[in-house]
Protein chains: 2
Amino acid sequence: MQQIFKHYPIQVIGQEGFAVLTERQRMILNAIVDDYIRSAEPVGSRSISKRGGVGFSPATIRNEMADLEELGFLEQPHTSAGRIPSTKGYRYYVDHLVKLEEVNEGDLQRVRSFFAKKMNQMEQIIQHAAMILSNMTNYTSIVLGPETFDNSLKAFQLVPLNDSSAVAIIVTNTGHVENRTISIPPDFDMSELEKVVNILNTKLAGVPLHRLQSKLFTEVGEELGRYVDHCEMIMDSLGKALSSESEHRVFLSGASNMLTQPEFKDVDKVKTIMDWLDETPVLMKAFTSLPSGIQVRIGSENDHDAIHTCSLITASYSIDGKSLGTIGLLGPTRMDYGKVISLMDVLSKDMAVLLGRWYK
Amino acid sequence: MQQIFKHYPIQVIGQEGFAVLTERQRMILNAIVDDYIRSAEPVGSRSISKRGGVGFSPATIRNEMADLEELGFLEQPHTSAGRIPSTKGYRYYVDHLVKLEEVNEGDLQRVRSFFAKKMNQMEQIIQHAAMILSNMTNYTSIVLGPETFDNSLKAFQLVPLNDSSAVAIIVTNTGHVENRTISIPPDFDMSELEKVVNILNTKLAGVPLHRLQSKLFTEVGEELGRYVDHCEMIMDSLGKALSSESEHRVFLSGASNMLTQPEFKDVDKVKTIMDWLDETPVLMKAFTSLPSGIQVRIGSENDHDAIHTCSLITASYSIDGKSLGTIGLLGPTRMDYGKVISLMDVLSKDMAVLLGRWYK
DNA sequence: GTTAGCACTCACTGCTAACGAGTGCTAACG
DNA sequence: CGTTAGCACTCGTTAGCAGTGAGTGCTAAC
């Protein structure tokens, strides 16, 4: 067994920009990350040596650990403490070493039975998905609802409430419903309102939401003017109502799970993270323009300082290659990557299927 | 000055079930609560004595403090520490001593300019109101949206998405919009759908939402059957869609503010509170069946153990005596009652006015 | 009724010593 | 030459201990 591990010179750089690690170094790194993920305590050479399947003395392990530290894969909180993985170490682990666990039968059951439930509101689905994810992982989940950007108008309705206001309702081809209260001019009567709605429906059906506003003014405005007086005010209200439309909704769940992690027993640290979570715009920024599939951002790889001690795993759920939204999971860098990644894979795919049915 | 304060025997019980306190005791209790609210540290006799307007030596104060403790208004964390108010002490303070501060000009400006903004979605208003409240107080705000219970149906729309599903939209007299996706039988065509919608609109307009479902089956079902085949399935879908309707929406803001309070530097304590905040149903229970006006629940007066170290101030906002919803503010028992109560008073009233305009 | 004086309590601070987990280095081993 | 045993060293952690100071309760005097 011992011959397997040759002690190669270590500064050779591989194609990923990483030094090529010997098989033994990989094994040790793997052991350290696994241990640390479990215990949250610096890992010493002795505990690695005592592991089953490791045939080396603590001294040998120490030598390798010193090398791995020099290469930047490990860190030492202080002299005379064990080693913990650095961001680079986690990165290597995630890229090359992590064994994706099969999602355990119980968890799989829970996900499946969740998605089997019939839910009649998209918001409900997303909210519950966020909840189930945070429950199963004990981390904090962040789910971004489906983007309405690519959606198109299915139907438009205007329901008068009283003399001066009405509710404008927009239904998209995906079944998503947006509504705004708008004010209508005082000398505007029912029959005219009906005309307006009819024109809007015939002219705007099928138009993508993001082009709705411009279309409203260019093509429809003219024609509308022919039939209806005082339409400027209505147009104005509608325009305003539509412009604020593309607000994403962010669903958070299990933020308090952060408090259970030993690395966050310091209240101040948690505070900065919580504040970050509260700022929806920043959150959105971290989520948008992510490549599809599962992305792992470890520690300092994250753009925002507040979560430099966290890892953020995101999985965009998509259908026919079109991205619908994003599931995110925030935890300490010391995350159970093996379990979480595969779980999110399952969840995002199931979610895509479920929402896909919706969209058809 | 010293003659003013007579030292009456102290076990006399007043009409509120409280011992009648001498003027001096009231003054001391008031001073202690004020001090503790500011400093979060046990208050000693010396610091009270040194205050302006107090003409007594520490020893005298100590005697009174001992009496107040015996009466249950004060507590001692340990011998040789100062006193802190007990729940009963806060209660007396809130009921008899607190001086409601005028809302300061800046804050008032912020509230007013917030409510002057035109918002076109009720959710937006409520969400922002929660935010402004938590920002201004540095506590955690919880806002319950207007109850839909008393609302009635204004209009009903059914927008087909494809062969097998449609979006049912309900608009209430208050401009609130609810929507659900329902499935429709495969052999069901457009003209029939229109008939259904027409019948539903004529029959159900003005019906209170909570009676919608029963009405649907008793009165409408029969008539509907006359015109339309296969209506059981539609009815069923509709019934289901309506039944889950009355879900309250809870808006939280500033949960992380909890972390700034020194009494919550202990992570475990915060955890239980956060968990409590996460459980919407429990939250709702704490909010419903509250008398209107401003309610203060101090420490152990709260039903749930998790917030025995917190105070919960609620203000229901109502119009024409009809309760619309509730604003809540959660902080440590050591809350700045004087400031917060008057602020919530302003906010709830302004909110009622704003939403009142909506409802008309 | 009020207050000065005093002994007592107890959290908190700073200091030292002992402990132990873990390291780096060196020399010996196969 | 890779591996390993041995050993000195580092450094965080813990326990013990004396000193400090804020605060109390009690008593006796004003």
**Q.** salt_bridge(D275(B), K271(B)) N-O dist < 4.0 Å
**A.**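 Answer for the salt bridge query: yes.
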Q: Classify every nucleotide of nucleotides 23-30 of chain D by which part a protein heavy atom approaches to under 4.0 Å, writing B for the base, S for the sugar-phosphate alone and - for neither, in 5'-to-3' order.
A: SBBB----
Q. Does the side chain of T60(B) get closer than 4.0 angstrom to OP1 or OP2 of dT3(C) through an N or O atom?
A.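 So the side-chain polar atoms of T60(B) do come within 4.0 Å of the phosphate oxygens OP1 or OP2 of dT3(C), strictly under.
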Once you round it to whole Å, what is the distance between [atom2] of [N] and [atom1] of [X]?
X	N	atom1	atom2	result
E41(A)	dG12(D)	CD	P	15 Å
I84(A)	dA21(C)	CD1	C1'	16 Å
I28(A)	dG2(D)	CD1	C1'	13 Å
K50(A)	dG22(C)	NZ	P	9 Å

Q.
Would you say that R297(B) contacts D303(B) through its side chain, given a criterion of any heavy-atom pair below 4.5 Å between the two side chains?
A.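 Answer yes - side chains close enough.
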Checking [X] now: which residues fulfil salt bridge (Lys or Arg N to Asp or Glu O under 4.0 Å) with it, not counting sequence neighbours?
X	answer
E69(A)	R83(A)
R51(A)	D35(A)
K339(B)	none

Q) Would a distance-only check, ignoring hydrogens and angles, find a side-chain to backbone donor-acceptor pair under 3.5 Å from E70(A) to D67(A)? A) no
Would you give me the side-chain donor-acceptor pairs under 3.5 Å for residues 328-335 of chain A, sequence neighbours excluded?
{"unit_1": "R334(A)", "atom_1": "NE", "unit_2": "E263(A)", "atom_2": "OE1", "d": "3.2"}
{"unit_1": "R334(A)", "atom_1": "NE", "unit_2": "E263(A)", "atom_2": "OE2", "d": "2.8"}
{"unit_1": "R334(A)", "atom_1": "NH1", "unit_2": "I37(A)", "atom_2": "O", "d": "2.7"}
{"unit_1": "R334(A)", "atom_1": "NH2", "unit_2": "Q261(A)", "atom_2": "OE1", "d": "3.0"}
{"unit_1": "R334(A)", "atom_1": "NH2", "unit_2": "E263(A)", "atom_2": "OE1", "d": "2.8"}

**Q.** Residue pair P58(A) / R46(A): nearest heavy atoms and the distance that separates them
**A.** CG-CG, 3.9 Å
(Q) Are there runs of at least three consecutive Watson-Crick or G-U pairs touching DNA chain C, with each pair's two distances under 3.5 angstrom? Give them by first number. (A) C:1-30 with D:1-30
